[in-house]
Amino acid sequence: MNVEELSGLPPGARSHFEEQGIEELYPPQAEAVKAGATEGENLVAAVPTASGKTMIAALSMLSAVQRGGKALYIVPLRALASEKKAEFDAYEEFGVTTGVATGNYESTSEWLATKDIIVATSEKVDSLVRNGADWLSDLTCVVSDEVHLIDDRNRGPTLEVTLAKLRRLNPQLQVVALSATVGNADELADWLDADLVDTDWRPIDLQMGVHYGNALNFDDGETREVPVEAGEKQEAALVRDILEEGGSSLVFVNSRRNAEAAARRLGQVSSRELTAGEQSDLAELAAEIREDSDTETSQDLADCVERGSAFHHAGLSSTQRSLVEDAFRDRLLKVISATPTLAAGVNTPARRVIVRDWRRFDPSAGGMAPLDVLEIHQMMGRAGRPGLDPYGEAVLLAKNHDESQELFDRYVWAEPEPVRSKLAAEPALRTHVLATIASGFARTRAGLLEFLEATLYASQSSEGGRLERVTDDVLSYLERNDFIERSGGPEDTLNSEADAASAFTSAADLADSGSGGGDSGGTTGQEEDLEATSLGHTVSRLYLDPMSAAEIVHGLEDADERPTALGLYQLVSRTPDMYELYLRSGEDETFGELYYERERELLGDAPSEFEEERFEDWLAALKTGKLLEDWASEDDEEQITERYKIGPGDLRGKVDTAEWLLGAAESLASEIDTEWAVAVREARARVEHGVSEELLELVSVSGIGRKRARRLYAAGIEEPAALRSADKGVILHVLKGEKTAENILENAGREDPSMDSVEPIPVEGGSGLSGASNSSSGELSTTENDTNTDADADDNQSSLGDF
DNA sequence: GCAGAAACGTTCTAGACAGCATGTC
DNA sequence: CTAGAACGTTTCTGC
């Protein structure tokens, strides 16, 4: 099928695709069109990575927009949201606009309402539903990318519930689900009432094989000699082999440390083939990496990059990650060794993919557990760059013949696992049951169960009572913690229906009519009204796990005196929303001591030391809390990453999460009417900017971060007002660059921020630095010196006191 | 007896969504 | 139950 045969697209869309060199549709795309993708029909497309899934999505969305509708594209990662947005921006050429909504970056709601296509993470969509964004009811088409992630224990249920809610909000909604090839695409299609396109077709041939000894054996029976030199690792031989042909490679390993070690070793291979131009480009890239963060991880990465190799894992900052990804796509970097992050993230294809480790540490399995077929296939699917490589190769490594055979059986010839809903797990239901009640999708137990019936879980589950049992457990948990209230019997339903306030009247109606007909058949037998309390509404809107909210609420209620920063940091660190920081051996003692020193600061009751597991969690949270306190005490990034043995990306992640949770804690504090809201706000601001209390004011001026604030403070400039009055020479000296100094002064509201002909004035040692005492820069510095001298006199005293 | 090498033992292990307000891909 | 790298500690070896 040719592009020009397509109908129903916005005018200009076809020529746009033709300009891009797309003339003929790939077979799966043509199949999708035949199945009605451009006519609003539901569709599940289970096709390999990089075989034109995005085009299927684009055709569906564009035709929906042409019919006067609005489309939503759901992605699993923030990084993918910006990638897709950049791709869809090209449609602006023919008048189709795109907006993004993620936690980091959101266009305002009204503005989103004017966009034709919206790209968002599944959590953000869920949150938008909870907060009743009105443009959601205008949606006519929703695309769910990587829908197989429904299988994910943590985040799958969100996607599942969100899709169910969107469909309930608008029963006419077209659903296009894009999935990797999975074992049960037909089940997904059944669930979504969709047609199925299920194929292994790829635009570039993918050869899968196993390397063992000196030979690389492919699934089609072909063999290639890849000798391993003495003292050389298998993966090094494979990288060298393909590099001699000008191809790049991707090596997947199972831990960060392995990724770093492999990158270091592979640097010896990649450095051999670099041209002078590449070397200087790489040196530039290395400099950028060092500039982004001054930590050991960054140093190591930069050292590798100079030799044309890199590692990639979640310990890198997001800037570093995209630097590495871009350089690899530009063929500047020859090899990346990565943890599985890369397989799920943005598109980084390579000629050859080497899956070195196929087992990974898994505490729940009590040791090393083999990876899922689906996961391995996702990695292998990164092989073959469209338009660049004649074919892609995906290679597993075996040490002996038996292992080689096992790898063929287990991965090369194996079908991927089926996708199984994880919704019935209690943590998932805790959140979603509350949200479902709070946003009015269900008002009774039966209504709730009826809503849950529309999920994939229900369509898969043969074990009837399970969901109901867990739901009941969750309901009583929510009730115990004052997130919901149950009242009355069936006769109350009418009343509550009348005065129920909800953005989703239609959904509520549906739910209630469902509950009327549905026979609960549960243990209670009688109908009760479920309603979220004010606290419950807040928790749902804040997107908190109810258990996190309960922990925070109890912690704040238990505080008899003003909580310290450490107390609050430990509190949010022990909620399930904070990713756990591992307690290393020996650290239980270190933090045990810290615990006895600062026990009084911690909020709530510590578990007894005899409950080993819970006490350890408590200490692990203390460790995270201490990390946040260190950060908020202006310790260097380098010191912290070193002290806690983490990467810059981990630190930023922790800080980010803490910021979010403390923001939520602030809302909870006003909800439960405690007097500690101010303490929470301050702790949050300190974490946000990474500064001590005394710098909070300075740091509120945009352009001033923790470092500049500290230097200004040391020079006697303690608050924004002082920026307006202090000697420009001093400011220039402290802030270094003229441009930054001007910007900052402007942001601080100084009337004449110009730094023209201002000479920097060194400040000695942190004392003797009163701005008024400098006369060399003449009239400019003395314009407002009444307030100036005052402030500076104070500055001197307090900064002297500090030293 | 001692330095340095080899053997042995221990430790550790992937991933990253969200609020809100502000200003930007 | 199924690993493997890095580092620390002990033991071995050759002088």
Side-chain angles (χ1 to χ4, degrees), chain A residues 74-86 89 98-108 119-128 130-131 149 152-159 162 233 252-262 264-265 312-316 318 321-322 338-345 356-363 365-371 375 399 403 406 431 435 538-545 548 577-580 582-587 645 649-650 652-654 656-657 659-668 681 684 688 700 702:
Chain A
I74 304 178
V75 292
L77 293 168
R78 291 196 287 226
L80 288 174
S82 18
E83 194 190 39
K84 291 301 171 194
K85 150 85 169 144
D89 268 344
T98 307
V100 190
T102 68
N104 273 357
Y105 168 64
E106 178 176 8
S107 331
T108 57
V119 185
T121 55
S122 37
E123 284 76 9
K124 189 66 194 187
V125 178
D126 187 16
S127 163
L128 287 166
R130 295 182 188 195
N131 289 287
L149 288 173
D152 185 282
R153 183 157 292 287
N154 302 314
R155 297 179 55 207
T158 303
L159 179 56
T162 301
K233 298 257 179 184
F252 283 105
V253 298
N254 65 2
S255 74
R256 294 178 178 191
R257 198 153 45 162
N258 285 341
E260 295 180 16
R264 212 168 12 239
R265 277 196 312 269
H312 186 287
H313 57 61
L316 302 184
S318 56
R321 268 199 256 181
S322 30
T339 56
T341 354
L342 200 60
R356 194 190 77 178
D357 301 333
W358 54 279
R359 282 185 281 232
R360 183 176 52 212
F361 181 80
D362 177 3
M368 302 302 282
L371 297 183
E375 249 176 302
K399 278 179 293 300
E403 191 181 359
E406 185 185 356
T431 297
T538 303
V539 171
S540 171
R541 267 190 298 101
L542 288 173
Y543 212 79
L544 279 180
D545 183 329
S548 297
D577 278 309
M578 180 70 92
Y579 206 74
E580 247 178 62
Y582 191 84
L583 213 51
R584 287 152 190 279
S585 78
E587 283 189 344
K645 303 237 184 322
D650 301 295
R652 292 175 199 190
K654 284 279 172 302
D656 194 52
T657 310
E659 215 181 301
W660 166 55
L661 284 171
L662 287 164
E666 209 183 314
S667 303
L668 290 176
R681 179 158 60 242
R684 192 195 67 88
E688 181 183 348
S700 68
S702 96

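- Within the 4.0 angstrom heavy-atom criterion, no nucleotide atom of any strand lies near Ala664(A).
- Residue whose closest nucleotide on DNA chain C sits further toward the 5' end, between Met368(A) and Arg356(A): Met368(A).
- Toward the 5' end of DNA chain B, the nearer of the two residues Thr341(A) and Ala101(A), judged by each one's closest nucleotide, is Thr341(A).
- With respect to the salt-bridge test (charged N to carboxylate O, under 4.0 angstrom), the residues Arg264(A) and Glu260(A) do not qualify.
- A salt bridge links Arg130(A) to Asp126(A): one of the charged nitrogens lies within less than 4.0 Å of a carboxylate oxygen.
- Between the Asn131(A) side chain and the Ser127(A) main chain, a donor and an acceptor come within less than 3.5 Å of each other.
- Using a 4.0 Å heavy-atom distance criterion, Ser585(A) is classed as a sugar-phosphate-only contact.
- Remark: dG23(B) base-pairs with no nucleotide; criterion is Watson-Crick or G-U wobble with both hydrogen-bond distances under 3.5 Å.
- Across all strands shown, Gly653(A) has no heavy atoms under 4.0 Å from either base or sugar-phosphate atoms.
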Test salt bridge (Lys or Arg N to Asp or Glu O under 4.0 Å) on Glu375(A) and Arg360(A); report intermediate values, then the result.
CA-CA 12 Å; Glu375(A) 249 176 302; Arg360(A) 183 176 52 212; 3.2 Å; yes

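- Each of Arg264(A) and Asn254(A) was assigned the nucleotide of DNA chain C with the nearest heavy atom; the assignment lying further toward the 5' end belongs to Asn254(A).
- Nucleotide dC17(B) is matched to nothing when pairs are restricted to Watson-Crick or G-U wobble geometry with both distances under 3.5 angstrom.
- Helical stems in DNA chain C, defined as runs of 3 or more consecutive Watson-Crick or G-U wobble pairs with both donor-acceptor distances under 3.5 Å, are listed by first residue as B:1-13 with C:3-15.
- Counting only distance, with no hydrogens or angles, the side chain of Asp357(A) and the backbone of Arg359(A) share no donor-acceptor pair below 3.5 Å.
- When heavy atoms are screened at a 4.0 angstrom cut-off, Asp357(A) is found touching no nucleic acid atom at all.
- Note that the first and last nucleotides of DNA chain B, 5' to 3', having any atom under 4.0 angstrom from a heavy atom of chain A are dT11(B) to dC25(B).
- Whole-Å rounding puts the Arg359(A) CZ to dA3(C) C1' distance at 6 Å.
- As judged by a 4.0 angstrom heavy-atom cut-off over every strand, Arg153(A) is placed among residues making no nucleic acid contact.
- When rounded to the nearest whole Å, the span between CZ of Arg256(A) and P of dA6(C) equals 16 Å.
- Nucleic acid contact for Leu661(A): none, since no nucleic acid atom lies under 4.0 Å from a heavy atom of the residue.
- Toward the 5' end of DNA chain B, the nearer of the two residues Thr121(A) and Phe361(A), judged by each one's closest nucleotide, is Phe361(A).
- Spacing of P atoms, dA6(C) relative to dA14(B), comes out at 14 Å, to the nearest Å.
- Looking at Asp577(A) and Tyr543(A), their side chains never bring a donor and an acceptor atom within 3.5 Å of each other.
- The pair Asp89(A)-Lys84(A) does not meet the salt-bridge criterion, since no charged nitrogen lies less than 4.0 angstrom from a carboxylate oxygen.
- Between the side chains of Trp358(A) and Glu403(A), a donor-acceptor pair is found at a separation under 3.5 Å.
- One finds no side-chain N or O of Lys645(A) lying less than 4.0 angstrom from the OP1 or OP2 phosphate oxygen of dC7(C).
- The side-chain hydrogen bond (donor to acceptor under 3.5 Å, both in side chains) check on Glu666(A) picks up Arg681(A), with sequence neighbours excluded.
- As judged by a 4.0 angstrom heavy-atom cut-off over every strand, Thr158(A) is placed among residues making no nucleic acid contact.
- Of all the heavy atoms in Thr158(A) and Thr162(A), the pair that sits closest is O-OG1, 2.6 Å.
- Counting any heavy atom pair closer than 4.0 Å across all strands shown, Ala365(A) reaches a base atom.
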